[in-house]
Amino acid sequence: AQKVTQAQTEISVVEKEDVTLDCVYETRDTTYYLFWYKQPPSGELVFLIRRNSFDEQNEISGRYSWNFQKSTSSFNFTITASQVVDSAVYFCALSRKLTGANSKLTFGKGITLSVRP
Amino acid sequence: GAVVSQHPSRVICKSGTSVKIECRSLDFQATTMFWYRQFPKQSLMLMATSNEGSKATYEQGVEKDKFLINHASLTLSTLTVTSAHPEDSSFYICSAKTDFRTYEQYFGPGTRLTVT
């Protein structure tokens, strides 16, 4: 069975602070895929990143960066110099495959990030 | 980027009636569509997986006769909530994916169902 744990439920920061959102996953598969999604108040999920289990290279995209560590089964997400527009619920998710029915996503419970001006 | 639409975006219905929610992939053919349900301030829970032309596969605990899913074409899947009750009130989100592009799941904007 697959499981995604996002232990933090709500985080509040002041604008320009850095913030890290934690994600820990469980899977018995050797090949799997990890995702982060953003859900703003409008409700529509926004894809942020996908990571393959065989690629532990960290990634940076603008103010966003991701730290994938298989040794600790973690896939953490850091926002640098946070902005009010970053306020949203962030979900970490896991899938077994990229195609077919096993591409279904197992989501964590989400982290509500509030960035205050 | 790829676009997935859902209709309606909001619906209010009376207890005992049925409601149909449509999910369309607008610019690609979706080999697989997923239906998720999200309660307020909670995570997304997968309800079922549907492939065009075949029966949907429901997750454990999801009532097949209550949540009817039809994937009639490669661009359209429908979820019908039959004999709705207040506890069915939720945010329903579909996603569509193709195995021939970037392998991403493209999510619809969601449908807010309120059963009175």
Side-chain angles (χ1 to χ4, degrees), chain A residues 1-12 21-25 31-55 87-114, chain B residues 1-6 8-10 21 23 29-52 54-60 62 69 71 77 90-113:
Chain A
Q2 303 202 310
K3 184 178 179 181
V4 176
T5 301
Q6 294 181 263
Q8 304 152 309
T9 53
E10 295 185 15
I11 300 176
S12 181
L21 310 181
D22 298 334
C23 174
V24 174
Y25 62 91
T31 301
Y32 50 89
Y33 301 86
L34 294 161
F35 303 79
W36 275 94
Y37 287 89
K38 175 182 180 180
Q39 187 178 41
S42 63
E44 188 164 357
L45 281 168
V46 177
F47 167 79
L48 295 177
I49 191 172
R50 181 187 77 217
R51 215 74 188 124
N52 309 319
S53 57
F54 43 86
D55 182 2
S87 297
V89 181
Y90 291 86
F91 290 98
C92 181
L94 173 66
S95 75
R96 301 182 67 188
K97 303 283 185 185
L98 285 182
T99 60
N102 280 325
S103 61
K104 61 186 178 182
L105 294 169
T106 299
F107 285 89
K109 291 189 175 181
I111 302 169
T112 300
L113 174 64
S114 298
Chain B
V3 178
V4 175
S5 70
Q6 276 187 246
S9 57
R10 290 178 178 271
I21 302 170
C23 175
Q29 293 185 326
T31 48
T32 307
M33 286 185 168
F34 299 95
W35 286 95
Y36 296 86
R37 181 175 182 178
Q38 185 180 29
F39 289 105
K41 300 199 175 191
Q42 293 191 27
S43 187
L44 285 78
M45 300 300 295
L46 180 67
M47 299 175 65
T49 303
S50 73
N51 293 290
E52 185 265 340
S54 61
K55 289 184 178 181
T57 302
Y58 290 82
E59 294 298 298
Q60 193 171 10
V62 177
I69 292 173
H71 196 152
S77 177
S90 191
F91 193 50
Y92 293 88
I93 305 173
C94 74
S95 70
K97 70 183 304 296
T98 174
D99 293 344
F100 306 108
R101 275 174 68 164
T102 62
Y103 305 115
E104 298 311 330
Q105 276 194 43
Y106 300 98
F107 284 85
T111 296
R112 177 81 57 194
L113 170 64

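Proteins come first, then strands; the chains are lettered A, B, ... in the order of their sequence lines, and each starts at number 1.
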*asked:* Ring centroids only, cut at 6.0 angstrom: are A:Phe47 and B:Tyr106 within range, meaning strictly under it?
replied: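 That pair fails the under 6.0 Å test.
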*Contact part of B:Thr57 toward chain A, heavy-atom cut-off under 4.5 Å: side chain, backbone, both or neither?*
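Neither part.
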What's the shortest heavy-atom distance between [X] and [Y], and which atoms?
X       : Y        : value
A:Glu44 : B:Pro109 : OE1-CB, 3.7 Å
A:Tyr37 : B:Gln105 : OH-O, 4.0 Å
B:Phe34 : A:Ser103 : CZ-OG, 3.4 Å

*Given that the side chain runs from C-beta out, which part of A:Tyr33 has a heavy atom under 4.5 Å from chain B: side chain, backbone, both or neither?*
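Neither part, no heavy atoms under 4.5 Å.
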*Side chain from CB out, backbone as N, CA, C, O: work out which of these in A:Gln6 comes under 4.5 Å of a heavy atom of chain B, or both, or neither.*
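For A:Gln6, there is no contact with chain B at all, as no heavy atom is under 4.5 Å.
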_Given 3.5 Å as the limit, does a donor-acceptor pair link the side chain of A:Lys104 with the main chain of B:Ala48, or not?_
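No, the answer is negative, given that no donor and acceptor are paired below the 3.5 Å cut-off.
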*Between the side chain of B:Ser43 and the main-chain N/O of A:Gly108, is any donor-acceptor distance below 3.5 Å?*
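Indeed, once roles are kept as given, a pair shorter than 3.5 Å links the two residues.
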Which value, rounded to the nearest 0.5 Å, describes the distance between [X] atom [atom1] and [Y] atom [atom2]?
X        : Y        : atom1 : atom2 : answer
B:Ser95  : A:Leu45  : OG    : CG    : 9.0 Å
A:Glu10  : B:Lys41  : CD    : NZ    : 6.0 Å
A:Thr106 : B:Leu44  : OG1   : CG    : 11.5 Å
B:Gln38  : A:Phe107 : CD    : CZ    : 9.0 Å

*Check whether more than 12 heavy atoms from other residues, nucleotides or ligands sit under 6.0 Å from atom NZ of A:Lys38, and answer yes or no.*
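Atom NZ in A:Lys38 is crowded, with more than 12 foreign heavy atoms closer than 6.0 Å.
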_A:Thr9: partners by side chain to side chain contact (heavy atoms under 4.5 Å, CB included), with sequence neighbours left out_ =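 Scan of A:Thr9 (side chain to side chain contact (heavy atoms under 4.5 Å, CB included), adjacent residues dropped) gives none.
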*asked:* Once salt bridge (charged side-chain N to carboxylate O under 4.0 Å, His left out) is applied, do any residues pair with B:Arg37, and if so which ones, sequence neighbours excluded?
replied: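 Checked B:Arg37 against salt bridge (charged side-chain N to carboxylate O under 4.0 Å, His left out); zero matches.
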*Any side-chain heavy atom of B:Ile93 sitting closer than 4.5 Å to one from A:Gln39?*
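They are in side-chain contact.
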